[in-house]
Structures are given as C-alpha cells and as structure tokens.
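Step one of this worksheet: look at the structure below.
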Amino acid sequence: MLGMEGLGSLAALDEYNNAGALFGLDGPEGEALLGALRRMNPIQRQRTVNKLASPGPRSKGSRAEMEKHFNELPDYIQNGLKDGTLRLADTMIYSIKPVTSRTIKMWETQDDREVGLRNISNAKLPKNQALLVSGIMLLAGTAADATKDKVVATDFKGLENFPAIVNGEFNLKANKKQLIPETSIAIFKTQNFHYVPIGYYKLSNPRLVTDDILIELTVELGSQEGIPANTYIYCALHGTITTP
C-alpha cells in the first residue's frame, strides 16, 4: 500500500510538473488536501492517491513548454490563470516591414496595430499577456507597389530566392535583454524540410516575453544587392500566450 509514502509521492508531483501549480493545487488548498488524505483509512487513501497521481492527458507543443515556465510568470498572471480570468491560447505575433536599408527593425515603439501589417502596438504585448516564444517565422515577398493594399496582398515565401537576406543576421531582445544573439538568417531556409513550415525555426530554448516589455527583433543585412524594390519581410513569433 502507498500509505504515507503515497503522500510523499503526491507532494513530489508539483516539484517536477508545474502544471499542478497552474491548476491551483498549491498553497492552502494543497495543505487541506494532504490533511484530508491523512484522515482516510489506508485503503481509501491509496485509492484516492492513485486517482490524484494518475497523469491526465499530457499537454503538447508550446502549451507544454509554457507550463514548464509557469513559475517565471508575474504573480498577477499566475493568479489569473489559476482563478480562470486568464487562459492559454496559441498565437503568432507578426509584423511586416520594408527592406529599405541594411537594418530592419521588425517592431518599433511608434508602430500601431494594423490588420495585415502587425497585431500589436508600440512593440509591446497588451496588459495581462505573456508569450512563450516557441518558434520564429521569417519570410519575404515583393509587393506590386508600396501602398498598404498591395503590401498586405503580397505573397510571402521562403527566403531561398533572396540571397542577400539569407546571408544576413537577426537578433531578438526583450526589454534590452538578449534572448537570441546575432544568428544567421540561413536557419530559416526550410524549403526542403518536409515536416517544418516554410521559413519556420523551432527554438530549442523557448523564451518568455511578458506584457509591457519592449520586443526588438532586428534583421541586419550585409548587402542589399539583388533585392527588388518594394521587398518586404514578414516576421512572426509563434507560441502560447495568456489571454482573457
């Protein structure tokens, strides 16, 4: 029988699985649960511990990654997830910018949200939102002209046909802190990878970005040679976000 050893196993669950904390099984409620288990007879306690300890369906993808980083979230966001005022959702934070110089800042403080061009304002997430960046997508396309309608209607494709962009570098910062150092844009050449979306790079080390933190993803080119006029870069941060 599990007896008190079962209680020890139950207490250890939260140490290795932050999903337990995510669902509100820590704090005073946890103490009350342990007290109730101690008052049960051994057979009843074993059955109860077995039910509690049996794993439910495992989270997958970026949601599972977010659960691992749960304790890094600000307290007010943790509390919102526990009491149900916030939930987790898939998202892609995106922005489109023209290649008019060798330095392209994909998010800037003067940017406003515009459907088809970007879905956040001022290079920051809205209040109560935190994003775990699981992957990054980088594409390029050439618009018919520089008007918004033509830019939004651009067919963005892989970077294979834009050597000057492929041979550049990018970096990602949040609140001036380096999340991804200067890295070759060649990692986004995925046209021949059959199980990866075009232009998508999956991060081995997902990074957390919280609300009211400045997001800076910068593309640096060594040359603009061969890049047609009215060429634009599409960049997206893919992952799991907290949302009402």
Side-chain angles (χ1 to χ4, degrees), residues 18-19 21-22 58-78 80-81 86-97 103-109 111 113 117-140 156 158-159 165-166 168-190 193 195-220 232-244:
N18 285 334
L22 179 61
R58 288 181 177 271
S59 298
K60 297 180 180 180
S62 62
R63 181 188 176 93
E65 293 170 345
M66 173 66 96
E67 291 174 356
K68 294 178 182 178
H69 290 264
F70 179 76
N71 288 332
E72 299 175 26
L73 294 170
D75 289 342
Y76 59 92
I77 291 182
Q78 291 190 33
L81 289 168
L86 295 176
R87 60 186 177 85
L88 299 180
D90 296 333
T91 195
M92 289 184 75
I93 301 298
Y94 71 92
S95 178
I96 295 173
K97 286 295 179 75
T103 299
I104 304 102
K105 296 183 177 181
M106 298 307 303
W107 284 275
E108 299 179 90
T109 55
D111 289 343
R113 184 183 187 279
L117 293 181
R118 69 192 63 87
N119 58 350
I120 61 172
S121 298
N122 310 121
K124 295 180 180 179
L125 297 174
K127 186 65 177 176
N128 292 328
Q129 289 196 332
L131 169 68
L132 187 77
V133 182
S134 180
I136 301 175
M137 179 176 284
L138 207 67
L139 304 170
F156 289 98
L159 302 175
I165 297 177
V166 168
E169 298 179 350
F170 83 100
N171 66 79
L172 176 63
K173 297 179 182 178
N175 201 31
K176 305 299 182 181
K177 295 181 179 178
Q178 194 84 268
L179 301 187
I180 300 176
E182 286 71 16
T183 301
S184 172
I185 291 176
I187 64 174
F188 296 104
K189 291 178 63 176
T190 63
F193 299 171
Y195 300 102
V196 179
I198 297 296
Y200 183 84
Y201 179 69
K202 174 70 179 70
L203 299 184
S204 298
N205 300 291
R207 306 308 298 264
L208 188 67
V209 177
T210 55
D211 58 350
D212 206 31
I213 294 297
L214 189 65
I215 299 172
E216 299 175 272
L217 191 147
T218 304
V219 172
E220 296 279 2
Y232 289 77
I233 290 178
Y234 172 99
C235 180
L237 305 180
H238 165 255
T240 294
I241 199 167
T242 59
T243 185

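- Contact record, Leu203 with Pro206: O-CD, 4.0 Å, taken as the closest heavy-atom pair.
- With hydrogens and angles disregarded, a donor-acceptor distance shorter than 3.5 Å links the side chain of Lys97 to the backbone of Lys105.
- Between the side chain of Asn119 and the backbone N or O of Met92 there is at least one donor-acceptor pair closer than 3.5 Å.
- Between Tyr234 and Tyr94, the ring-plane angle classifies as parallel under the 30° and 60° cut-offs.
- To the nearest 0.5 Å, atom CG of residue Leu86 and atom CD of residue Gln78 are 11.5 Å apart.
- In this structure, the side chain of Thr240 does not engage the main chain of Leu132 through any donor-acceptor pair within 3.5 Å.
- Counting heavy atoms from C-beta outward, Val209 and Leu237 have side chains that stay 4.5 Å or more apart.
- The two residues Arg118 and Asp111 come nearest to each other via the heavy atoms CD-CB, 3.5 Å.
- Side-chain atoms of Thr190 come within 3.5 Å of backbone atoms of Pro197 as a donor-acceptor pair (strictly under, hydrogens ignored).
- When all heavy atoms of Ile215 and Trp107 are compared, the pair lying nearest together is O-CB, 3.6 Å.
- The shortest heavy-atom contact between Ala130 and Thr242 is N-OG1, 2.8 Å.
- For the atom pair CZ (Arg207) and CD (Glu72), the distance works out to 8.5 Å, reported to the nearest 0.5 Å.
- Between Thr103 and Glu220, the shortest heavy-atom contact is OG1-OE1, 2.8 Å.
- Side-chain contact between Val133 and Ile93 is absent, with no heavy atoms from C-beta onward closer than 4.5 Å.
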